[in-house]
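One structure is given here, and the rest of the page talks about it.
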Amino acid sequence: MATILAAVLILAVLHHHLPPAEAVTSICSSNGRNYTEGSSYAVNLGRVIDSLPTKASSSPSLFATATVGAGANQTVYAIGLCRGDLVAYTCLVCLRSGLSDAKLDCPLAMDVSIDVADTCHLRFSNLDFVASTNNSVQQAFFSTYYPTVASSVAGRFNALVAQLLQATADYAASGSSERRFATGEMVVDEDTSQLGGLIPNIFATAQCTPDLTPAQCGACLAGAMAEMPRQVFPRNSSGASFVGERCGLRFATYSFYNGNAMVQLHARPQGKKTATTTVLITVFAILAELLALSLVGFWVWKKKSSQRKAPLFINVEDVENFESIFIGLSILRSATNNFDEKNKLGEGGFGAVYKGALPDGQEIAVKRLYQSTKQGLGQMKNELAMMVKLQHKNLVRIIGVCLEDGEHMLVYEYMPNKSLDTIIFDPDRSVHLDWGSRFRIINGIARGLQYLHEHSQMTIVHRDLKASNVLLDADMKPKISDFGLAKIFTDDQTRKATSLIIGTLGYMSPEYALRGHYTTKLDVFSFGILVLEIVTGRRNNYAVNTEDLFSLVWKHWVEGTIAELSDPGLGRHYPRGEVLKCINIGLLCVQQNPTDRPSMSTVVVMLGSDTISLEAPYRPAYVLNRSRSYIDTTELVKEPLCSEPQSSITELEPR
Ligand code: AMP
């Protein structure tokens, strides 16, 4: 009985802990030297801070080095490396936040190593470490999210970890991947409850800087492995990171990387035949997946040709009263004059939108999906299932759906003033949007989100709130649209995590962009950006040579010159107090820590009250405490793991 209880307890601890929160570890000034403000070193470091995150995140290997300046103690040497399973944007966010924190943690230190949440690694120094392949400044990190393994099974656990790390390291060094990165999983089928504890599955990563040759990478990882028995295993920890300048290892009892394991091992019951058996290399997995996909595709095609009018891609159980919202193709053809170009309202990632009118005169907007977008179909199904259950004056209403002759269309109420971005970022149109209208739009979006988060039957996180997803009706009332990425939370959930990180550049909160964690506070963050955009008329798009919106607003807020930032389109006459209040609320919403951000109910109260005193915001997420950082968005959307739609980011995992 005691054994079973112990086993259950250990399982509970090991299986139910959450992935670690973001943690930034900076190792300051290993050579003990400081620089002074305004010195050549400071200027050169500024250049590195401006360029390194962009350079590394836009490189296919997610790695970059920099040597800036000349002369002893004036030259800055730096490297930046992101975990090999990230996409460019996540990498950029990670490197920027690392540098930002390094400046706070190690003010004026010349030599700093930074590890951000095991997700990216940076070092800058006055010493030329870039040319060397030495794995210097290596250190083991343990977090409170790694509970201790029961001592009775720790020996076996550590042995399995060593096997897994070795296989994963071998694969990373084998040269199969340009990123010198591998992921591994040990599937544990053994029952060790007799020993007083169960061992869960174990996950691992191994990575070298991609400029190392396979042999150098192998040697570096072997050196790291050799440190494990001394620095890591005696702790009996269920997870650890071993980070060095040139290579690193990590393991944990939960999956912390994106995609499937590249190397999979099985621990079979001891006494029979033990340990490692299969090494599944990704190629086989991909081939199997491709074969499965083609079979499914063939089946769908067969079914489609024999059953032309059936709604093949919609799960009828998801949609109540499905028949009542089904609109015939012939009706939509005549409503849109056969999808005449003249009726085109716009184009999104998955299809074009046309204006039309139903036989009863009702004006509609028809989203016609491109024929071949699989992701688009998934999002359409999601949107449909959500929208039929939601009704609020600040959410766009879905009128119907059409699935005939290979066409996939969603029919919405028509919004004559199109999307908010077409007005606020257009100097000619924005002059017609006075403060009163802007304030009503901000209020309307807040109420729509509040309904999604707190007042509908479910808690829904939209996940892609942005100016182009806010549509305006004839009276300029805002309605939130595009629920293709929205997710439902059940009662007992407060946070979810995904390795499929989809959203739009500039609107993603750091915890989502870096770790895939999402709560309603992700939408609050996007709402904050939107408010700042509406007030300033500036897009938060990280454009090249443009100071990003966070940094700009924060700089003016701190200096007390925020009024200078209001959109010139507002003219001279607007209630300054209300504008300031909105900026304050916007800044509260984009704070780094999700728990510091207000709920949408609080935002609605703050917007509606003239007497409530607002808290002072903390420095927003992403703002470097020194000047600016740049990113070329054209580089980002070329990211190989990104497919459709244009400005959204996708990591590996089916929906
Ligand atoms: P989307 O694919 O949802 O991003 O839509 C592309 C563009 O079509 C939007 O940016 C709008 O300008 C326009 N649009 C979408 N839905 C509507 C609608 N219900 N009424 C009017 N215009 C719309």
Side-chain angles (χ1 to χ4, degrees), residues 325 327 332 335-337 339-358 361-384 386-388 390-402 407-426 428-430 433 441 444-445 448 462-486 502-507 526 530 533-534 539 541 637 643-650:
I325 57 162
I327 302 179
L332 293 183
T336 58
N337 205 7
F339 304 104
D340 192 332
E341 273 295 300
K342 283 198 214 104
N343 287 342
K344 203 188 242 186
L345 291 167
E347 212 151 338
F350 300 124
V353 182
Y354 298 85
K355 185 182 174 193
L358 290 176
Q362 183 181 4
E363 289 190 307
I364 51 171
V366 184
K367 188 183 279 185
R368 186 186 197 191
L369 258 68
Y370 300 127
Q371 299 274 327
S372 57
T373 128
K374 203 170 129 245
Q375 193 181 350
L377 283 172
Q379 295 201 6
M380 173 179 168
K381 175 184 159 177
N382 195 40
E383 172 149 23
L384 187 60
M386 287 269 165
M387 294 305 287
V388 291
L390 299 174
Q391 258 188 344
H392 188 270
K393 62 183 178 173
N394 295 113
L395 305 185
V396 169
R397 202 159 54 83
I398 282 202
I399 294 171
V401 59
C402 172
E407 294 278 3
H408 302 89
M409 292 185 249
L410 283 177
V411 183
Y412 303 87
E413 59 177 320
Y414 173 61
M415 302 289 285
N417 281 305
K418 297 175 109 188
S419 47
L420 184 58
D421 60 324
T422 63
I423 302 184
I424 55 170
F425 303 133
D426 176 345
D428 293 336
R429 292 190 76 194
S430 70
L433 197 65
I441 289 171
I445 303 169
H462 185 282
R463 294 207 303 168
D464 201 17
L465 184 71
K466 55 183 170 180
S468 60
N469 283 340
V470 174
L471 300 176
L472 300 165
D473 72 4
D475 302 321
M476 299 301 274
K477 287 205 195 87
K479 298 194 185 217
I480 299 170
S481 74
D482 223 334
F483 284 72
L485 301 184
I502 314 182
T504 300
L505 300 181
Y507 289 90
S526 311
L530 204 44
E533 289 183 333
I534 293 171
R539 209 189 273 271
N541 65 354
V637 295
S643 48
E644 44 190 347
Q646 308 103 348
S647 55
S648 295
I649 318 274
T650 308

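Counting starts at 1 for both ligands and their atoms, in listed order.
Of all protein heavy atoms, the one lying nearest to atom 3 (O) of ligand 1 is K367 NZ, 3.1 Å. Taking atom 22 (N) of ligand 1 as the reference point, the nearest protein heavy-atom neighbour is L345 CD1, 3.6 Å. Of the protein's heavy atoms, S419 OG, 4.0 Å lies nearest to atom 9 (C) of ligand 1. Of the protein's heavy atoms, V353 CG1, 3.9 Å lies nearest to atom 14 (N) of ligand 1. Protein heavy atom nearest atom 7 (C) of ligand 1, with residue, atom name and distance: G346 CA, 3.9 Å. Taking atom 20 (N) of ligand 1 as the reference point, the nearest protein heavy-atom neighbour is M415 N, 3.0 Å.
I480 has its side chain within reach of H462: a pair of non-hydrogen atoms, C-beta onward, lies under 4.5 Å apart. Inter-residue side-chain proximity for L395 and K479 is flagged as unmet; no heavy-atom pair is nearer than 4.5 Å. Side-chain atoms of Y507 and L530, non-hydrogen and from C-beta on, do get closer than 4.5 Å to each other.
Distances below 4.0 Å separate heavy atoms of A365 from the following atoms of ligand 1: 17 (C), 18 (C), 19 (N), 20 (N). Annotation for ligand 1: atoms under 4.0 Å from non-hydrogen atoms of D482 are 3 (O), 4 (O). Listed by atom number, the atoms of ligand 1 under 4.0 Å from Y412 heavy atoms are 19 (N).
For ligand 1, one of its N or O atoms has an N or O atom of E413 under 3.5 Å away. At under 3.5 Å, not a single nitrogen or oxygen of D421, backbone or side chain, sits near a nitrogen or oxygen of ligand 1.
Counting heavy atoms closer than 4.0 Å to ligand 1, residue L471 contributes side-chain atoms (C-beta onward) but none from N, CA, C or O.
Residue-ligand proximity: K355 is placed with every non-hydrogen atom at 4.0 Å or more from ligand 1.
Looking at I534, L433, V470 one by one, the single match for side chain to side chain contact (heavy atoms under 4.5 Å, CB included) with I423 turns out to be L433.
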